Structure formats: C-alpha cells, structure tokens
Number of protein chains: 2
Amino acid sequence: MKKKTSIHDIAKQLNVSSTTVSFVLNGKAEENRISKELQYKVLEYVKKVGYQPNQLAKSLRTGKSMILCMLVEDISDPFFSSISRIVETKAFEHGYKIFFASTENDTEKTKALIRVFRERQVDGYIIAPPPGIEEELQDLLHEKVPVIQFDRFLPEVKTTNVIIDNLGGAYSAVQHLQENGYQQIGFVTLESKQTQMQDRLNGYLKAIKEKKQKKVVLKVPYRNPNESTQEKVRLFLQDNPAMDALLFATNYLAIDGLVAIASLKLNIPGNIAVVGFDDNTHFSLFSPPITAVAQPVLKIAEEVVVQLMNKIKSSGKNPRKEENILLPTQLIVRKSSLAVPGKKLNARLENIKNESISS
Amino acid sequence: MKKKTSIHDIAKQLNVSSTTVSFVLNGKAEENRISKELQYKVLEYVKKVGYQPNQLAKSLRTGKSMILCMLVEDISDPFFSSISRIVETKAFEHGYKIFFASTENDTEKTKALIRVFRERQVDGYIIAPPPGIEEELQDLLHEKVPVIQFDRFLPEVKTTNVIIDNLGGAYSAVQHLQENGYQQIGFVTLESKQTQMQDRLNGYLKAIKEKKQKKVVLKVPYRNPNESTQEKVRLFLQDNPAMDALLFATNYLAIDGLVAIASLKLNIPGNIAVVGFDDNTHFSLFSPPITAVAQPVLKIAEEVVVQLMNKIKSSGKNPRKEENILLPTQLIVRKSSLAVPGKKLNARLENIKNESISS
DNA sequence: AATATTTGCTAAATCCATTTAGCTATCTAT
DNA sequence: ATAGATAGCTAAATGGATTTAGCAAATATT
C-alpha cells in the first residue's frame, strides 16, 4: 500500500501547522480565529487531493470510535436480520458504523465477543443477551459504556431495555383461538428461562386459566435439531388427541410444527388450528395462511437506536433512569386459526380414522 | 469512563519497559531474549489485572485494522443474511471482525459507504457491487486493498470473484420444465444489466432456443413496489394465455409471482408450473412446495473468506492472478414443476372459464 | 508612548501500542 | 588481558490525529 496523505502532509504543503488544518476540518476555525482566506485555502486543497482523515488516529485521540456493536442470536434469522438492517441504517445516519455478530445464544462465545469488542473501544452495545453474561454487562456499565438490551433482558443488569409485550401477545393469541371455539389449545415453546419465553408462557397460561381450559405445554430443548423437534410435535399431537389448536412460541418452532402437522396429513384449521409467535413474510403464502403475533420490527429498531443515542449523548451527565420500553404486538389473523363452522369436538380423531381407512 | 490500564501502566508496575511487555504479549519474547522468569511475571500480572491492549493504537501502529467490510444489497434478504452469517463466523476464526452494510443497490450510497470504510482502514472488502462503482473499486486496488466481488461482478474491475453458475442454473430449470411437458415457459426477471441477471436470462434463452419454444419474458423495473410487481405478473399471465410455466429470476420475484398466481385462483402446477431462482427455507412448506434453483450458500461464503484471506496473506508479494470462481447450482425439484398427467394445452384457459362459471 | 487587548497562528503534549537500534553486563576464546 | 559474542533488556521514534497553552504581531485604549 502506498502511504496515504496525512494531516501533516497537508500542513506542510500549505505551509501551515497541522493544528490549523485540524481546526478547519473540524469546524473549530472560527473559535480559534483562523482567517477566512486560510480556511478556504485549506478546504480547497483538502478537497483537491481527496484527503481522508485516519479514523483510527482520530478515535485513539478522542476516545470515541464511532462504532457500535450489535449482538443477536443469529443475524440470519429473519427477525434479527430485519431489525439489524434498520438499526444499521439509522445508526449510520448518526455517523455510527456497526459490528454485527451472532451469539448463537452461547454464553462463552458471547463473552469472547464482548471481550473483542471492548478491545476495539466500541462506543455502545445493542444486545439480545444469552443467559449468564450478567458480569460482562455489569463491567461495561461500570466503564460507563452505554448498553441497550432488546428482545429479552437480564433483569439483574440495570439497563434500558426495548422489549415487546410478550405476555399480552401470547394472551391475545390464545384468546383469539378461544373466541373461535377452540377448546384445548397447546403451547409449543423452548426450554428456556429467558424473559421473552417466560412471558409468552405466562400469557398463554393466563388465558388458559381464565377460561378454565386444560393446559397442554410442550417444551423443546434449546438447540434441538429440526427433525427431532418435528418428531416431538408429532408425538405431542398424538398424545393429546383432543388438542384442537397450537400456539408456537417462535418462528422456527412454527415452521417445524407445520412440517409435523403436514406429515400427519392433518388439516389446518379443520383438525388443528395454528398460530405462530413472530410473523413472517411468507406466512401469508402458506396454505392456509398462518395467523401470527407480529412484532413491531421497525419500532423496535428505531427505539433501540433512539435510546442508545440518548445514552451516548448524556454520557457523563447524570444519567436518566433506566426503563423498560414495552412495545405492543399485533395479532395478524389469517385462515389457520379461524372458526370451523360445525366443528365437532375431536374432529381430529375422526380425521385420523378416515385417513387410515382411505390409505 | 475511568481510564483503562495501558501497556505503560503494566510496565511501570513491574519495573520493566513497555517494550518488554509488548514483546512478551506478542510472542516475540524468545527472539528478543526475554528471560523465562520475566515472561512469566509479565503474563501473570497481565492476567491478574485483566489488561486488554487497545486495538486502535495497535492498528494505528501496524497498519492492520483486522476489520473487513461486507457490502451486500440488503442484509435482511435471506440469501445475503445467510451468507453474511457464515462469513462472519469464518472471518472471526481468522481474527477479523466485519462491518456489514446494505448498499440497496444504490451507486451513490455505496460510494459513500466505501469512503467511510476507507477512512477506517478496513483490511479487505467483500462486495456484491451495485452498478457504477468501478472507479471506487479500482482506487482500492491501487492502494493494494484486497477486494472480492461475489454474487455478481463488474467485469471492468479485475478482482477475484465468487459467483454461481447462473446460466447453467437457469438453463437446467427450463430444461426440467421442458422435460415435464411444459411448452410455453415464461421468464420473470428484473430490468438489470448486472452479470447475474444477464446470465440467468441467457440460460433461459439458451434452453428456449434449443427446443425452438417461444420466448416470453417479463422485465420488472428494479425498485418496483410489491403490489405493482404482482399486478405486472397478473397481466403477464393474462396476456399470454398459452403460457404454462414460469421461471422467476429472484427470490422476491417468485414471492410476488405466487401472490399474483394465487389471486388469479390458478392451480400450481395444473394451470401454471413454477420454478424460483434461489431457494428459500419456506419453499418446501408452500402448497404446493416450490421447485427452486438452490445456490450453494455455504460454499459461496467459505470461498469468499478463503479467497480474501489468501489475498490478505499474499498482499505485497507478487499477486496470484485473479480468477472467477464458478460454483454450481442445484435444482431442487418439488411439486410446483412436476408433469401434470394428461395435461391439455391451454389447461389454464379452461380453468379460467370454469372459474367464472362457478363463481 | 505605554499598556492592554485582539487577531492569527503554532509547538508540543497526548492517545497507546509496536519496533528499530543500541546499551550494558557477562561469558568465551585466544 | 583483550577482542568478540551473547544474553537481557530499554530508549526513543513512529503511526496520525486532537488539543492545550502560548507566542508574535496588529490593533485598541488611555
């Protein structure tokens, strides 16, 4: 690489000091009484040679890297990637670049990631935390580095959190199924103690208890392979023949669940109604289209950036108190959860019988 | 923020020079004859106080930022986000972090992005280029900064490119439809001169010409709103009543096309067969499942990283010659493109008649 | 005319690490 | 006894910016 021009090169060429050039380039010319002519001369020359200040040097001196870091479970997950996309754009408008990384919900991997980004003097963290990184986040807070948790949060760590109304979302989904005449609603979720999962479970339980229905819950281990999840859902359906509706706690659980339902040749919603948590661009194209609890992706992303920028600005000053920003979900009703007119109880049992006769 | 400990603080505490500490920490202790005891002492202390070297200072001095930048059209697109995910992981294994950014296929935005990342002394670029940034890439090459183009490429810029066999992929898709008895196969693509789009068109044309079939092409403008694309496909279907199959050139065109087909109440593949370019996790769940030309996402990502690492390593030495790495596609055959036994020509016309009677 | 103020600019310190060149003390060989 | 080699370490330069403190000349004030 040929050597790049530095501020000193500029200064030398113009027979001024690098201080002057720096003042001009950083809008501090007036307060330092640099004459208009000289300002003009510097700007002209800088433009002419296409000088670009070295941000590394700048950051080293100022202590601001103008870099944020965003840690999500998996940047290829549609939910996280669409949020990332918006966060990237918004942050860029504020002059910030972003390191994206996938935690895989792995505690050790995430600790390593945080270590690396701390070395890089990252100015702020946006994180959907895996369990067990309380200490690392606390360390960041001690160093007065702004941290926002989103999607889920570690309650022990006092940060501003941007989350959705998981409880309300699950509650409204179950309620919707109940209103459409479903009487035994199953809930397929993850074996996870994370806040968002707990809240979704609680929302489900609340609605079930209110109507005095039977609670039917399947918990799938976290890093379960797809086929195994599908098998578990299949068994779950077979073990609970009276179950006439299913609420899936995540996007990918819903996908696996749909595969399982398809493999049992069950009819949606005739034999089993389906609602997913977290909407998907393609749910409307499935047949039947799948009802889902939509998360306000745009709002989440915007809020995350707004909150982080606030923190960065007010850093050093007396910090405003931390708060949980709770955003509403929206139930998108599609065919998969509609009432089935004249539906008999145990429609599925009959279907299974018919299936075995016809096959 | 409380001041972090620097290498000088370490040195002072141990009553040695910072040179010594640096040697020990960078594995250069032996070649500089630092005694074993001192090495041990330094490492112990560093561990004890949890010292983390400032990467900014390190990068400033060494000229290596250990940061890559990956520019794709849209990081929330499933194709790009899954590649990004893998690239992120692989690059991390080599000690590199990545700035991801979305070009939106916008020339000016991309120029601005490149400018910003150059200021940051990024060590290498992975880019799915929008049109019109030949000069910027050339500038990077002049500065001996490694650049890899992928997915598509600007032929004027001599870089190593990782691309898939777009021509072969489209060709095999059409051939597959022909073998299943489809006689008038339409191609829905973008108004785009980019290499990947041109090659897909050429693959389509080649197969059509070989069988002397009628060429039926719909070109949708680039940033067309979804509804408008759907409307265009609807008209395309209505204007070509004898068309019995459709090949879509991209993922999102296929989605819009499926919406259009559904809105016309057409049966797949009875009235119209469908093949998409670029497979999607959900295509197998559509009804019917959608046949697609799958891109080797994992291979693309791996190859991109391997090639970039090679370039970074051999930087300065006589560069190996640039090459196009062409990866094969795979046709995933599903129900949407299967032969329809006893299918009459113009089955769709009849269907449309029946529809209007029954409704 | 002497002093105070303002204008216009710069020297040098600083951020934190790496790296070159070299210094001293000890040991070896003659 | 003396040159030469080696072991063990360090001073100082360097990378490229920002920023504090301050200098010299021009202008204003009394």
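Fair warning: this is a prediction, and the values are worked out from it, not measured in the lab.
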Send over the distance from A/Lys64 NZ to D/dG16 P, rounded to a whole Å. 23 Å
Starting from P on C/dC15, measure out to CG on B/Leu56 and report it in whole angstrom. 14 Å
Could you work out which one of D/dT10, C/dC15, D/dT18 sits closest to the side chain of B/Phe23? D/dT10
Ring-ring centroid check A/Phe117 A/Tyr125, cutoff 6.0 Å: no
Nearest heavy atom decides the nucleotide; on that basis, is B/Gln52 or B/Asn32 closer to the 5' end of DNA chain C? B/Gln52
Determine: side-chain N/O of A/Asn26 to OP1/OP2 of D/dT18, distance under 4.0 Å, yes or no. yes
Residue pair B/Lys58/B/Ser35 against DNA chain D: nearer the 5' end by closest nucleotide is B/Ser35
Inspect the surroundings of CD in B/Glu134 and state if more than 12 heavy atoms from other residues, nucleotides or ligands are less than 6.0 Å away. yes
Using every non-hydrogen atom in the two residues, find where B/Ile67 and B/Val122 come nearest and quote the distance to one decimal. O-CG1, 3.5 Å
Counting side-chain heavy atoms from CB outward, which of D/dA17, C/dA17, C/dT19 is closest to B/Thr62? C/dT19
A/Val16 side chain, from C-beta outward: closest of C/dA17, C/dG8, C/dT10: C/dT10
It should be established whether A/Tyr51 places a side-chain nitrogen or oxygen under 4.0 Å from OP1 or OP2 of nucleotide D/dG16. no
Would you please test A/Arg152 and A/Asn105 for side-chain hydrogen bond (donor to acceptor under 3.5 Å, both in side chains) and show each step? CA-CA 12 Å; A/Arg152 67 199 74 174; A/Asn105 222 33; 3.0 Å; yes
Decide yes or no, distance alone: a donor-acceptor N/O pair under 3.5 angstrom between the base of C/dA11 and the side-chain of A/Thr19. yes
B/Phe80 and B/Asp74 have their tightest heavy-atom pair at CB-O, 3.5 Å
Measure from NE2 on B/His8 to P on D/dA13 and round the result to the nearest Å. 14 Å
Integer-rounded Å distance: D/dT18 C1' and A/Ile10 CD1: 16 Å
Regarding B/Ser22, tell me which of base, sugar-phosphate or nothing describes its non-hydrogen contacts under 4.0 Å with the strands shown. base
Which nucleotide, C/dA11, C/dA17, D/dC9, lies nearest any side-chain atom of B/Arg61? C/dA17
Separation of B/Leu14 atom CG from D/dT10 atom C1', in whole Å? 15 Å
As a test of reading the structure: which of D/dT10, C/dA17, C/dA11 is closest to the side chain of A/Ser17, going by heavy atoms? C/dA11
Walking DNA chain D from its 5' end, the first of B/Thr20 and A/Pro53 to be reached, judged by nearest nucleotide, is B/Thr20
Using whole Å, report how far CD1 of B/Ile7 lies from P of C/dT19. 11 Å
Find the distance B/Lys28:NZ to C/dT20:P and express it as a whole number of Å. 8 Å
Check the distance between D/dA17's P and B/Leu60's CG and give it to me in whole angstrom. 9 Å
